[in-house]
Amino acid sequence: MTDDHDRDHPGEDDVGGIWSVRPFLDRTARPRPPAAPSVASVPDEDAATAVRPFVVTRGRTAEETDLAVEAQVVTTKLGQASADELSFEYRDIVDLCVEPLAVAEVSARLRLQLGVAQVLLRDLTRSGHVTTFEPGVGLTDDVHTILRVIDGLRQLS
Amino acid sequence: MASDSSPETGPVATEPRRTPPVPVKILVAGGFGVGKTTTVATVSEIAPLTTEARMTSAGIGVDDNALVPGKTTTTVAMDFGRITIDDSLKLYIFGTPGQDRFGFMWNDLAKGALGALVLVDDRRLDDCFAAVDYFERMGLPFVVGVNRFDGGHEHDVDTIRWALAIDPKVPIVEMDARKFLSVRDAILVMLHKALEAAQARAGRPDAAAS
Ligand SMILES: Nc1nc2c(ncn2[C@@H]2O[C@H](COP(=O)(O)OP(=O)(O)O)[C@@H](O)[C@H]2O)c(=O)[nH]1
Ligand SMILES: [Mg+2]
């Protein structure tokens with residue numbers, strides 16, 4: 001059930017199953033990144049500042065750190081319109097993220113190793129096919145957000 | 001807040017179709033077989049998903065970037081689920097393998113987490129040392145959840161606190177990972193610690209004294 005990766009704990013965390021990761025998708029052997037969009041200009045920061053709790057990464061990669069596992073990925077109009085032109089690893093992502101999904105969800109649902117998914121998502125962000133919304137740094141200090149989570153959970157039963 | 005009906009007022013093609021919910025996350029940690037996956041499955045609104053992360057590990061206390069001999073690459077799986085709080089807020093729950101040599105993955109995961117639930121099997125207390133140690137060092141708010149397996153009522157909470165040398169301020173709750181309200185309440189206790197910590201950092205006078 002495993003492929004080329006050594007696995008120290010077979011059988012652990014077996015809910016949902018463990019599948020082999022596509023062996024051809026690795027940091028060292030990944031598909032050609034999609035070309036940058038021909039769309040004239042990438043919008044500047046104004047939209048980003050309107051969305052306060054996020055760092056919006058759109059067509060640029062200011063930081064080279066890995067995307068947070070919970071960061072949200074959404075396909076752009078360009079991504080939807082030009083999905084057919086993408087190689088299939090990218091196309092799968094663009095098709096999947098029509099509804100916002102976390103980086104970890106993309107990884108799990110497409111059975112891509114987390115690190116591979118993070119790299120592919122950076123490529124698609126850079127080319128404008130998806131937008132990633134990373135949680136803002138101050139979120140854990142945001143009393144209002146924590147209270148909303150508490151209230152929301154209390155209502156569940 | 002999220003206006004998904006944006007008329008064609010000249011939107012740029014690279015704009016997302018709509019603003020996604022803000023994601024927040026919490027962690028569930030503990031030794032093997034302690035009930036992490038069960039906990040995630042019990043509260044998640046979706047069937048838990050599994051993601052694999054490949055990581056290079058080295059002995060504990062070794063620098064992240066140090067190229068030490070004996071460094072190995074392993075693949076670890078983590079389970080996660082989610083709870084939609086409302087249209088603009090989603091809570092993710094990540095179950096993380098508890099072995100100390102997975103410390104590097106924990107760093108990525110713990111960044112931005114509101115808090116952690118450390119599960120303890122009453123019969124194998126020492127399995128959670130690594131997790132308790134880690135969250136203490138990170139200053140991440142956490143609670144200890146004692147999972148009472150069958151025949152597991154060997155220690156009362158005071159004994160467990162003593163055995164784990166847990167600060168009196170860290171809550172210890174007894175729970176059953178298979179029961180929704182039990183897990184939810186343990187998470188609520190953790191979130192109240194997170195709230196206190198956030199209020200203290202915000203310099204609220206009512207939270208400063210403790
Ligand atoms: N009695 C009892 N059994 C539990 C509880 N939580 C989990 N289990 C069982 O313990 C086993 C291991 O749980 P699992 O969630 O896979 O542990 P993990 O390795 O930490 O993810 C499973 O068979 C569960 O059904 C609990 O609270 N009480
Ligand atoms: Mg598990």
Side-chain angles (χ1 to χ4, degrees), chain A residues 5-9 12-18 21 37 39 41-43 47 51 53-54 58-59 66 68-72 74-78 80-81 98 100 102 104-105 107-109 113-115 128 130-131 133 135 137 139-143 145-150 152-154 156-157, chain B residues 11-25 32 36-38 40-41 43 47-54 72-80 82-83 85-86 89-92 94-95 97 108-109 111-114 180-181 184 187-188 191-192 194-195 198-199 201-202 204:
Chain A
H5 309 304
D6 34 304
R7 188 190 305 283
D8 278 5
H9 296 272
E12 184 177 5
D13 298 293
D14 49 350
V15 165
I18 292 183
V21 169
V39 173
S41 69
V42 167
V51 190
F54 291 120
R58 180 188 297 151
D66 284 337
V69 287
E70 73 275 24
Q72 300 286 297
V74 195
T75 299
T76 60
K77 289 186 176 125
L78 172 81
Q80 274 189 295
V98 170
E105 287 175 292
S107 157
R109 289 172 64 168
Q113 243 171 33
L114 184 61
V130 304
T131 301
F133 293 75
V137 209
L139 209 53
T140 54
D141 284 344
D142 186 12
V143 170
T145 298
I146 299 172
L147 282 172
R148 276 172 68 202
V149 180
I150 289 173
L153 278 180
R154 275 213 191 105
L156 300 176
S157 54
Chain B
V12 179
T14 52
E15 274 178 12
R17 290 168 57 259
R18 68 181 184 92
T19 304
V22 173
V24 291
K25 70 181 166 190
F32 176 71
K36 300 182 296 294
T37 302
T38 307
V40 170
V43 288
L49 295 166
T50 305
T51 184
E52 292 189 342
R54 195 175 189 182
T72 53
T73 298
T74 48
T75 303
V76 298
M78 52 187 175
D79 307 304
F80 64 98
R82 64 159 199 249
I83 299 173
I85 301 295
D86 59 40
L89 190 60
K90 270 198 257 190
L91 174 67
Y92 286 89
F94 281 90
D108 279 348
L109 267 180
K111 194 173 155 216
L114 296 180
F180 178 83
L181 289 179
R184 184 200 69 172
I187 293 173
L188 283 171
L191 289 171
H192 276 104
L195 183 65
Q199 285 170 332
R201 285 192 295 264
R204 291 268 186 96

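Residue numbering restarts at 1 for every chain, and letters A, B, ... go by the order of the sequence lines. Every heavy atom of this structure was used, including side-chain atoms; hydrogens, water molecules and symmetry mates were not. It should be emphasised that the depicted structure is a prediction, and the values quoted were computed from it without experimental measurement.
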Using a 4.5 Å cut-off on heavy atoms from C-beta on, say whether the side chain of A:Glu70 contacts that of B:Phe80. no
Please classify the contact of B:Leu91 with chain A as side chain, backbone, both or neither, using a heavy-atom distance under 4.5 Å. side chain
Rounded distance (nearest 0.5 Å) linking atom CD of A:Glu105 with atom OG1 of B:Thr51: 10.5 Å
To the nearest 0.5 Å, atom CG of A:Asp142 lies from atom CG of A:Leu147 at 9.0 Å
Does B:Leu109 offer a backbone N or O that forms a donor-acceptor pair with the side chain of B:Lys25 under 3.5 Å? yes
Quick one: what part of B:Ile83 sits under 4.5 Å from any heavy atom of chain A, side chain, backbone, both or neither? side chain
Heavy-atom contact with chain B under 4.5 Å, split by part of A:Ala104: both
A:Arg109, part contacting chain B, at a heavy-atom distance under 4.5 Å: side chain
Distance col, row A:Thr145:OG1 vs B:Leu195:CG, nearest 0.5 angstrom, shows 11.0 Å
Which portion of B:Leu89 sits near chain A, non-hydrogen atoms under 4.5 angstrom: both
